[in-house]
Amino acid sequence: MGKGTSIGRVRGLGPAHHGAHHWLVQRFTAVGNLLLVMWFVASLILLPNLGYGAVSKWLSQPAAAVAMVLLIISTFWHARLGLQVLAEDYIHTTGNKFAILLLLNFAAIGGGAFGVFCVVRLALGAA
Amino acid sequence: MHNRNNAMAQRPLSPHLQIWKWGPHMLVSILHRITGDGLAFAGLGVLLWWLGALASGPEAYENFVGWMWADWSALEWSGAAIVHSALKIVLKLVLIGLSWSFFTHLCSGLRHFVMDMGAGYELDLNRFWSIASPIIAIILTSAFWMLLLFR
């Protein structure tokens with residue numbers, strides 16, 4: 001293992017076997033988004049109207065609430081992976097990239113947690 | 001990367017966006033990124049606002065609908081209300097734009113799935129689907145709004 005260039009420092013270490021992980025999870029969540037958002041789009045069309053009564057009654061049902069929770073997790077995860085690639089493509093300073101990825105993780109997990117909590121609150125009848 | 005030190009700053013940069021002749025493949029590629037980022041920022045934001053309003057009760061939900069999908073007849077065009085009315089029209093366009101973004105990202109995403117499997121790289125076929133995906137997306141967006149508004 002050399003000490004010079006970045007390629008020299010890793011040459012000969014072999015693969016870490018994590019290379020395809022980000023790519024694969026982006027595809028897994030993409031299939032999840034495909035199914036769940038199509039369900040969401042179909043539900044919006046099939047609801048009698050989009051007023052508070054009809055929507056809250058629909059989203060309080062166990063199946064719809066669980067699907068919405070899954071939709072939130074899948075879309076936020078997918079968005080987090082996609083925005084990571086955006087940051088990696090356009091932000092070239094190591095420190096800034098670290099800061100942006102930190103904020104991205106906070107925003108994705110925080111936003112997802114808020115969405116899930118809202119669905120649970122509605123479904124369990126506190127609203 | 002290129003300003004890490006002077007020696008690297010002097011190296012030639014690869015030709016950038018503006019010197020290439022635009023093709024449908026480039027359009028569908030950048031559309032995938034733009035619509036994905038739009039959905040990530042604005043789409044998930046609106047989704048959370050909607051869910052938060054639902055969880056907060058009828059009044060908060062009415063407030064959400066009043067901003068995102070205001071009644072045309074309720075818009076006022078005098079005094080300071082003009083700013084609010086203009087913003088409400090912008091938000092309508094944002095919501096329509098988000099639905100278009102979703103269907104565009106969906107179609108170009110499906111195109112990516114096919115190419116991930118190693119298929120669809122023949123020049124004519126690849127060109128065909130890079131033109132077809134954004135067009136199919138516009139048709140799906142129109143169908144969605146027609147079904148939604150005229151049910």
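Residue numbering restarts at 1 for every chain, and letters A, B, ... go by the order of the sequence lines. Computed from a predicted model, the values in this text were never measured in an experiment.
- Here CD of A:Gln26 is found 10.0 Å from CG of B:Asp116. Values are rounded to the nearest 0.5 Å.
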(Q) Using the rule given for side-chain contact (heavy atoms from CB on, under 4.5 Å), can you reason through A:Leu122 versus B:Leu51, listing the C-alpha separation, both sets of side-chain angles and the distance that settles it, and then say yes or no? (A) CA-CA 9 Å; A:Leu122 187 75; B:Leu51 290 171; over 6 Å; no
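- Ranked by heavy-atom pairs shorter than 4.5 Å toward chain B, the options A:Asn49, A:Thr75, A:Val85, A:Val55 are led by A:Val55.
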**Q.** Residues A:Phe40, B:Trp50; criterion ring-ring contact (aromatic ring centres under 6.0 Å, His included); working and verdict
**A.** CA-CA 13 Å; A:Phe40 183 46; B:Trp50 184 69; 5.5 Å; yes
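- When the shell of 6.0 Å around OH of B:Tyr121 is examined, it contains more than 12 heavy atoms from other residues, nucleotides or ligands.
- A:Leu36 and A:Val120 fall within a single hydrophobic cluster, where Ile, Leu, Val, Met, Phe, Trp and Tyr are joined by side-chain heavy atoms under 4.5 Å apart, directly or via other members.
- In B:Arg127, the CZ atom is not crowded: 12 or fewer heavy atoms of neighbouring residues, nucleotides or ligands sit closer than 6.0 Å.
- Residue A:Leu24 qualifies as enclosed at atom CG: its count of foreign heavy atoms under 6.0 Å is above 12.
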Q. Step by step, would you call B:Phe113 with A:Val31 a side-chain contact (heavy atoms from CB on, under 4.5 Å)?
A. CA-CA 10 Å; B:Phe113 275 153; A:Val31 177; 3.6 Å; yes
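- Between the side chain of B:Arg151 and the main chain of A:Ile45, a donor-acceptor pair closer than 3.5 Å is present.
- Residue B:Leu149: no heavy atom, backbone or side chain, is found under 4.5 Å from chain A.
- Contact annotation for B:Phe41: only side-chain heavy atoms (C-beta onward) come within less than 4.5 Å of a heavy atom of chain A.
- A:Val119 touches chain B through its side chain: at least one heavy atom from C-beta onward sits under 4.5 Å away, while N, CA, C and O do not.
- Neither the backbone nor the side chain of A:Phe117 comes within contact range of chain B; no heavy atoms are under 4.5 Å apart.
- In the hydrophobic clustering of this structure, A:Phe114 groups with A:Val66; members are Ile, Leu, Val, Met, Phe, Trp, Tyr whose side-chain heavy atoms approach within less than 4.5 Å, directly or through other members.
- Counting heavy-atom neighbours within 6.0 Å of A:Asp89 CG, excluding the residue itself, gives a total above 12.
- Residues A:Phe76 and A:Ile100 do not share a hydrophobic cluster, clusters being chains of Ile/Leu/Val/Met/Phe/Trp/Tyr side chains in contact below 4.5 Å.
- Listed options B:Ala40, B:Pro58, B:Gly36 were ranked by heavy-atom pairs under 4.5 angstrom with chain A; first place goes to B:Pro58.
- Counting heavy atoms from C-beta on, the side chains of A:Val37 and B:Phe103 never come closer than 4.5 Å.
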**Q.** Test side-chain contact (heavy atoms from CB on, under 4.5 Å) applied to A:Met38 and B:Leu106, step by step
**A.** CA-CA 10 Å; A:Met38 288 315 286; B:Leu106 170 72; 4.1 Å; yes
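- No chain of hydrophobic side-chain contacts below 4.5 Å, direct or via other Ile, Leu, Val, Met, Phe, Trp or Tyr residues, connects B:Val83 to B:Trp72.
- Between chain A and the residues B:Leu148, B:Leu147, B:Leu44, the largest count of heavy-atom pairs under 4.5 Å involves B:Leu44.
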Q: Could you walk me through whether B:Trp69 and A:Leu50 pass side-chain contact (heavy atoms from CB on, under 4.5 Å), step by step?
A: CA-CA 11 Å; B:Trp69 201 253; A:Leu50 294 180; over 6 Å; no
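- Looking at A:Leu59, the atoms closer than 4.5 Å to chain B (heavy atoms on both sides) all sit in the side chain, from C-beta outward.
- More than 12 heavy atoms of other residues, nucleotides or ligands sit less than 6.0 Å from atom NE2 of B:His112.
- Transitive grouping of hydrophobic side chains (ILVMFWY, heavy atoms separated by less than 4.5 Å) brings B:Ile96 and B:Phe64 into a common cluster.
- For B:Leu47, the part sitting under 4.5 Å from any heavy atom of chain A is the side chain, from C-beta outward, and nothing else.
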